[in-house]
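Reviewing the structure listed below.
Proteins get letters first, then strands, A, B, ... in listed order; numbering begins at 1 in each. Heavy atoms only: backbone and side chains are in, while hydrogens, waters and symmetry mates are out.
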Amino acid sequence: MNINVRFAPSPTGYLHVGGLRTALYNYLFAKQHKGNLVLRIEDTDQSRKVDGAIDNLIESLNKCGIIFDKGPTEYSTDNLFIQSNRLSIYHEHVTYLLENNYAYACFDDDFLQYRDKSYNKEQLIDTSYHVRLKIPNNELTVKDEIRGDIKFDLSLIDDPVILKTDQFPTYHLANVIDDHDMDISHVIRGEEWLPSTPIHVVLYDYFQWELPVFIHLPLLLNPDKSKLSKRQGHVSVDEFLNEGYLPEALINFIALLGWNPKNNNEIFSINELIEQFNIKNIQKSGAVFDINKLNWMNGEYLKDIQAESIVSLCKIIFEKHNFTIEDNTDFIKIINFAKQRSHTIADMVEQTTPFFVDPSYNVEYRDLLLDKQSKRLFSLLLEQVAVLNNIEESEIKEIISNLSMEIHVKGKELFFPIRLALWGDVHGPDIGLIIKILGKEKTLARLNKALKYG
RNA sequence: GGCCCGUUCGUCUAGUGGUUAGGACUCAGGGUUUUCAUCUCUGCAACAGGAGUUCGAUUCUCCUACGGGCUACCA
């Protein structure tokens, strides 16, 4: 059996993390079975179309490592993976349904009165009509791979519109025809589609097509358990990436929302996910998107990653915060310091701000800054740094330890005032690193400022 | 309202007809680090409720409650 799966978003804007997870599960499933992953653009609602959305979608997905085997490479008119280019195909199928009495034309929303009528093609020319699918009155069982058999009473379902007045198909029709034409073997999609699956099954039945396997994924939830949406934190993949969440971490985190490998591991590369992913281990209930845990996981990735490999990404984000990167070697040092203690790259900016702009003093330590002993420390350090030609961290360390012996001060009493003067707070990087990055001039200036403070 | 799906620590989850119900995030506390962070150790914390089946149910069945999704000429 050939395994073909698809991710079928509508181009209405940015890629949502829920969409990313659906795409990911499709991708993992396809790769694992040496099948194909198809990208299909469902743009049958002309009013909701957003320019550039397709390129955007593809770019976000690609950044996260999800590559399609088939799909539109660009938004070109002859592309078969974009539904708006397949209108004539849908029309042919509508004709088939109409001719076999599986569907009927309606001239207004009071559709029941048209249910038993039929019109030939000539009668429909120059009229404004839509087409509805006749849903029979029997019971129907849908098989979902995760939930098992689900019974529906079809008499409770209204005849759905399959062709709109503007002659575009609705989702139900286009989706079924495309899945068949693209030889989709497994439909992996969000749980919100479960209630409309019987409509799709009826369509398959009318066309006498073989059903794909249906796999409905549990929803991603807001902290209040409603369906994940904006308003309660951000959900756009782009936003996460721009804030400096690493694609690998985002993918890892999202993979574990609704699926688990039945062991206690938490960190997975994409290849490990491909190896271990299993439909059977997908959860039935929805999963709250916990930003807290994503932060932790992103931090784990940040700790492990080589500074060199994120330097250009960091540069973009630091420059977005108006920090100019002058020296690459220094910047790597800064990254190495910050990535150990940050959740995201945006966090790293915050952690390292005093490297770039003169800090204001933490008011809690005002007294320490005014202290006579502190002032003495500042002036002694100032003297010693002033005579240095080029600054090495080891040298600074030595100077400070000599200073410690000279005035008999050590530990916090020694480091707090110095760090306060140079960094604005008693906590921060190693003093050697601060001075090394700051350079002689800025170090002297900050010591001077602290000396005069009060 | 109707239909459908779901329910193990606050969150992500493991698990079993008999377990001290396990792990991770968060939180709290200890240790390491002459700062902070990292790291590490410890702790707090869950089987929605009620019947039934059974020697025994968190686990199987039913009911209730609660939560969510869908109910568009949106996907």
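- When both distances must be under 3.5 Å, the Watson-Crick or G-U wobble mate of B/U59 does not exist.
- Comparing B/C73, B/C39, B/C25 against the side chain of A/T165 picks out B/C73 as the nearest.
- Look at the C1' atom in both B/C9 and B/G43: the space between them is 14 Å, to the nearest Å.
- Nearer to the 5' terminus of RNA chain B, by closest-nucleotide assignment, is the contact made by A/R147 (compared with the other of A/R147 and A/K293).
- Looking only at atom types and distance, the side chain of A/D166 has no donor-acceptor partner in the side chain of A/Q46 under 3.5 Å away.
- Minimum atom distance to the side chain of A/R419 is reached by B/U35, of the listed B/C3, B/A75, B/U35.
- Rounded to whole Å, the distance from CZ on A/F415 to C1' on B/U35 is 8 Å.
- Comparing B/U11 with B/U54, their P atoms are spaced 35 Å from each other, to the whole Å.
- Atom CG in A/L422 sits about 18 Å away from atom P in B/C36, given to the nearest Å.
- Of the P atoms belonging to B/C66 and B/A28, the separation is 35 Å, rounded to the nearest Å.
- With a 6.0 Å radius and a threshold of 12 heavy atoms from other residues, nucleotides or ligands, A/K284 has its NZ atom at or below the threshold.
- B/U42 and B/G17 have their P atoms separated by 30 Å, with the value rounded to a whole Å.
- B/C39: Watson-Crick or G-U partner is B/G31, with both key distances under 3.5 Å.
- Using a 4.0 Å heavy-atom distance criterion, A/G258 is classed as a sugar-phosphate-only contact.
- Shown are A/W423, A/F318, A/F331; of these, the ring-ring contact (aromatic ring centres under 6.0 Å, His included) with A/F355 is made only by A/W423.
- Side-chain proximity of A/R341 to B/A75, B/C12, B/C36: nearest is B/C36.
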Does A/R48 form a salt bridge (Lys or Arg N to Asp or Glu O under 4.0 Å) with A/D45? I'd like the steps, not just the answer. CA-CA 6 Å; A/R48 295 211 312 160; A/D45 186 349; 3.7 Å; yes
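- Here, B/G2 and B/U20 have their C1' atoms 47 Å apart, quoted to the whole Å.
- Looking at heavy-atom distances under 4.0 Å, A/D109 makes contact with a base.
- Look at B/A65: its Watson-Crick or wobble partner, with both distances under 3.5 angstrom, is B/U7.
- Judged by closest nucleotide on RNA chain B, A/D430 is the one of A/D430 and A/D108 placed further toward the 5' end.
- Separating the OH atom of A/Y171 from the C1' atom of B/C73 is a distance of 17 Å, rounded to the nearest angstrom.
- A/Y25 contributes a side-chain N or O that, together with a main-chain N or O of A/A255, makes up a donor-acceptor pair within less than 3.5 Å.
- With respect to A/H200, the ring-ring contact (aromatic ring centres under 6.0 Å, His included) criterion is satisfied by exactly one of A/H172, A/H216, A/H180: A/H172.
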Protein N or O to nucleotides 69-71 of chain B N or O, pairs below 3.5 Å:
from, atom 1, to, atom 2, distance (Å)
B/G69, OP1, A/K227, N, 3.1
B/C70, OP1, A/K227, NZ, 3.0

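- Only the C1' atoms considered, B/A65 is 8 Å distant from B/A48, to the nearest whole Å.
- Applying the 4.0 Å criterion to OP1 and OP2 of B/C73, one finds that A/R132 has a side-chain N or O inside that range.
- A side-chain donor from one of A/N295 and A/Y245 sits under 3.5 Å from a side-chain acceptor of the other.
- Summarising the geometry, the separation between CD1 on A/I254 and P on B/A24 is reported as 23 Å, rounded to the nearest angstrom.
- Comparing the P positions of B/A45 and B/U40 gives an interatomic distance of 24 Å, to the nearest angstrom.
- With both pairing distances under 3.5 Å, B/C44 is matched to nothing as a Watson-Crick or G-U wobble pair.
- The cationic atom of A/K449 (NZ for Lys, CZ for Arg) lies less than 6.0 Å from the six-membered ring centre of A/Y361 and within 45° of the ring axis.
- Under the 3.5 Å distance criterion, the side-chain polar atoms of A/D43 are matched with a main-chain donor or acceptor of A/S84.
- The distance from atom CD of A/E398 to atom P of B/U34 is 18 Å, rounded to the nearest whole Å.
- Of the candidates B/C36, B/G2, B/A75, B/G2 carries the atom nearest the A/L156 side chain, counting heavy atoms from C-beta on.
- The side chain of A/T170 lies closest to B/C73, out of B/C73, B/A24, B/C5.
- Contacts of A/F253 with the nucleic acid, taken as non-hydrogen atoms under 4.0 Å apart, are absent.
- In this structure, A/E350 places its CD atom where only 12 or fewer heavy-atom neighbours from other residues, nucleotides or ligands lie under 6.0 Å away.
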Worked check of salt bridge (Lys or Arg N to Asp or Glu O under 4.0 Å) between A/K397 and A/E392: CA-CA 9 Å; A/K397 225 172 187 166; A/E392 290 306 325; over 6 Å; no
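- Across all strands shown, B/C70 forms a Watson-Crick or G-U wobble pair, both distances under 3.5 Å, with B/G2.
- Heavy atoms of other residues, nucleotides or ligands lying less than 6.0 angstrom from CD of A/E239 number more than 12.
- For A/N260, a side-chain nitrogen or oxygen approaches OP1 or OP2 of B/A14 to under 4.0 Å.
- Nearest to the side chain of A/E300, among B/G2, B/G15, B/C39, sits B/C39.
- With no hydrogens or angles considered, no side-chain donor-acceptor pair links A/Y114 and A/D159 at under 3.5 Å.
- Residues of residues 276-289 of chain A having a heavy atom closer than 4.0 Å to RNA chain B, listed by number: A/Q283, A/K284, A/S285, A/G286, A/A287, A/V288.
- B/C5 atom C1' lies 17 Å from atom CD of A/E145, rounded to whole Å.
- Distance, A/R48 CZ to B/A75 P: 7 Å, rounded to whole Å.
- Counting any heavy atom pair closer than 4.0 Å across all strands shown, A/T44 reaches sugar-phosphate atoms only and no base atom.
- Spacing of P atoms, B/G18 relative to B/A24, comes out at 25 Å, to the nearest Å.
- Atom CZ of A/R21 is separated from atom P of B/C12 by 12 Å (rounded to the nearest Å).
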